[in-house]
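None of the values given here were measured: they were computed from a predicted structure. All values below were derived from every heavy atom in this structure, side-chain atoms included, with hydrogens, water molecules and symmetry-related copies excluded. FYI, the numbering just counts along the sequence from 1.
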Amino acid sequence: MPTSERDATNTDDAASWAGRRADARQNHERVLTAAIEVFTEYGIGATIPQVAARAGVGKATVYRSYPTKSDLVRALARMHLDWFHQLATAAAEAARTDAYRALEALLEQVTTRLAEDRLMIEVLSGVEGLGDERLEQHLEQILALGRAQGSLRADATGMDIQVLVSGAARALIDLDIRDPDIWRRYARLALAALRAEPPGADSRPGKPEP
């Protein structure tokens, strides 16, 4: 085969391969969008065939990317974690100026999303082993800055925030409260428990008033 013909064939093959990859990428995006819609409407109990029908693709197309429904749910969970990571990255940068306010804004954004997006709660609570070191690192960075700035208690830890905020979130979920203002209020109350005491104050519980 002449060189010119061989080059033309190679170019055609490359274009065909690029087209298939673009189609696969579009199908992948359609499946994720459909999964969000279907799971939001029917809960995590919805099926892969329902997702495939909503996406306008065959079941085999879904199964190629996600062999089980658990794999699809985990992919949605990772999307939410990526969103958390973006927020935490911005909060860690803002914390250089005011760590307390940066953490407050972060928790308010997260709780607002939780109040409005119950699918996120189902997805994140239904997948095990989703620990994200990036989020933990950003949170510890914010806490360290807050301790250094004197706005957060010297003994404030990431576990404190997890226990306080997740405890409030669980109660609000059980009460089926979906008002974002109420969720934000409890986020602020939880954070207030970690605010540094004014110099000379005694934070021991039960201390009688003078």
Does any part of the side chain of [Y], heavy atoms only, come nearer than 4.5 Å to the side chain of [X], both counted from C-beta?
X: Arg101; Y: Glu104; answer: yes
X: Thr111; Y: Tyr186; answer: no
X: His80; Y: Asp117; answer: yes
X: Met120; Y: Phe84; answer: yes
X: Arg153; Y: Arg147; answer: no

What is the minimum heavy-atom distance between [X] and [Y], and which atoms define it?
X: Ala52; Y: Val62; value: CB-CG2, 3.8 Å
X: Asp160; Y: Asp155; value: OD2-O, 3.5 Å
X: Val165; Y: Leu107; value: CG2-CD1, 4.1 Å
X: His85; Y: His138; value: CE1-NE2, 3.4 Å
X: Leu119; Y: Ile36; value: CD2-O, 3.6 Å
X: Ile142; Y: Ala91; value: CD1-CB, 3.8 Å

Identify whether [X] and [Y] are in the same connected component of the hydrophobic contact network (ILVMFWY, side-chain heavy atoms under 4.5 Å).
X: Leu189; Y: Leu114; answer: yes
X: Leu32; Y: Tyr42; answer: yes
X: Ile161; Y: Trp83; answer: yes

Roughly how far, to the nearest 0.5 Å, is the [atom2] atom of [Y] from the [atom1] atom of [X]?
X: Leu152; Y: Leu143; atom1: CG; atom2: CG; value: 6.0 Å
X: Leu87; Y: Asp82; atom1: CG; atom2: CG; value: 11.5 Å
X: Leu81; Y: Leu76; atom1: CG; atom2: CG; value: 11.0 Å

Would you confirm whether [X], through its side chain, and [Y], through its main-chain N or O, come within 3.5 Å as a donor-acceptor pair?
X: Gln149; Y: Ala95; answer: yes
X: Thr61; Y: Val57; answer: no
X: Arg30; Y: Gly56; answer: no

Practice task
Could you name each residue pair satisfying salt bridge (Lys or Arg N to Asp or Glu O under 4.0 Å) that touches residues 56-71, not counting sequence neighbours?
Solution key: none
Exercise for the section: Test Trp183 against Thr112 for side-chain contact (heavy atoms from CB on, under 4.5 Å), laying out the working first. Expected result: CA-CA 7 Å; Trp183 278 72; Thr112 296; over 6 Å; no
Handout entry: Glu93/Arg96 salt bridge by N-O under 4.0 Å criterion
Key = yes
Practice task
Answer yes or no: is there an ion pair linking Arg54 with Glu41, defined by an N-O contact shorter than 4.0 Å?
Solution key: yes
Exercise for the section: For Tyr100, look at atom OH and say whether over 12 heavy atoms of other residues, nucleotides or ligands are found less than 6.0 Å away. Expected result: yes
Distance-only criterion, 3.5 Å: show the donor-acceptor pairs between side-chain atoms of residues 171-182 and protein atoms not counting sequence neighbours.
from, atom 1, to, atom 2, distance (Å)
Asp176, OD1, Arg178, NE, 3.0
Asp176, OD1, Arg178, NH2, 3.3
Asp179, OD1, Asp181, N, 2.9
Asp181, OD1, Arg184, NH2, 2.3

Handout entry: Criterion side-chain contact (heavy atoms from CB on, under 4.5 Å) on Thr68 and Tyr63, from CA distance to verdict
Key = CA-CA 7 Å; Thr68 68; Tyr63 285 124; over 6 Å; no
Practice task
Please lay out, stage by stage, how Glu122 and Val73 fare under the test side-chain contact (heavy atoms from CB on, under 4.5 Å).
Solution key: CA-CA 9 Å; Glu122 281 195 73; Val73 172; over 6 Å; no
Problem - Any side-chain donor near an acceptor of the partner, Thr47 and Gln50, under 3.5 Å - result: yes
Problem - Worked verdict on Leu191 versus Arg195 for side-chain contact (heavy atoms from CB on, under 4.5 Å) - result: CA-CA 7 Å; Leu191 181 57; Arg195 186 155 202 165; over 6 Å; no
Exercise for the section: For this output row, return yes or no: ring centroids of His28 and Tyr66 closer than 6.0 angstrom. Expected result: yes
Practice task
May I ask you to list the residues sharing a hydrophobic cluster with Leu145, side-chain cutoff 4.5 Å, ordered by chain and number?
Solution key: none
